[in-house]
Amino acid sequence: LLYNLFEWSSRAHAQLALVGISNTVDLPERLLPRLNSRIGLCRVPFLPYSHAELAHILKARLGELAVFDGSGLELAARKVASVSGDVRRALETLRAAS
């Protein structure tokens, strides 16, 4: 199935574009060689969020909910930023703590 999708998107008049999003940089290299040859590769790396960016996102996502005070959000943002910078992990941390 994947091979067919990549083949359709590589045809001359294809009206299909594939966008792959991965948490690993080496996803194309991990694909089967048959698929790897079909990929028109353009990588756009996204840097991990800083603790300030994570804190801002968490405050925006929580909105008016008074579940955590500012220091709790700041602590979660700093801990997650030091490990991965992944906002999903920060939200999971807050969900588990609530």
*How long is the gap from OG on S82 to CG on L54, to the nearest 0.5 Å?*
10.0 Å

*For residues 50-61, pull every pair meeting salt bridge (charged side-chain N to carboxylate O under 4.0 Å, His left out), keeping only residues two or more places apart or in separate chains.*
none

*Does the pair Y49 and I57 meet the rule for a side chain to side chain contact (heavy atoms under 4.5 Å, CB included), with working shown?*
CA-CA 10 Å; Y49 288 111; I57 292 168; 3.6 Å; yes

Listing, residues 89-98 side-chain donor-acceptor contacts under 3.5 Å, not counting sequence neighbours, or none:
unit_1 : atom_1 : unit_2 : atom_2 : d
T93    : OG1    : R89    : O      : 2.8
S98    : OG     : R95    : O      : 2.9

*Hey, what else clusters with V44 if you join Ile, Leu, Val, Met, Phe, Trp, Tyr whenever side-chain heavy atoms sit under 4.5 Å?*
F46

May I have the list of side-chain donor-acceptor pairs in residues 65-80 shorter than 3.5 Å, sequence neighbours left out?
unit_1 : atom_1 : unit_2 : atom_2 : d
D69    : OD1    : S71    : N      : 3.4
D69    : OD1    : S71    : OG     : 3.1
D69    : OD1    : G72    : N      : 2.9
D69    : OD2    : S71    : OG     : 3.2
E74    : OE2    : R78    : NE     : 3.1
E74    : OE2    : R78    : NH2    : 3.4
R78    : NH1    : H51    : NE2    : 3.4
R78    : NH2    : H51    : NE2    : 3.3

_Minimal non-hydrogen separation, P48 against S84, with atom names_ = CB-O, 3.3 Å

*Other hydrophobic cluster members with L47, side-chain heavy atoms of Ile/Leu/Val/Met/Phe/Trp/Tyr under 4.5 Å, chained?*
none

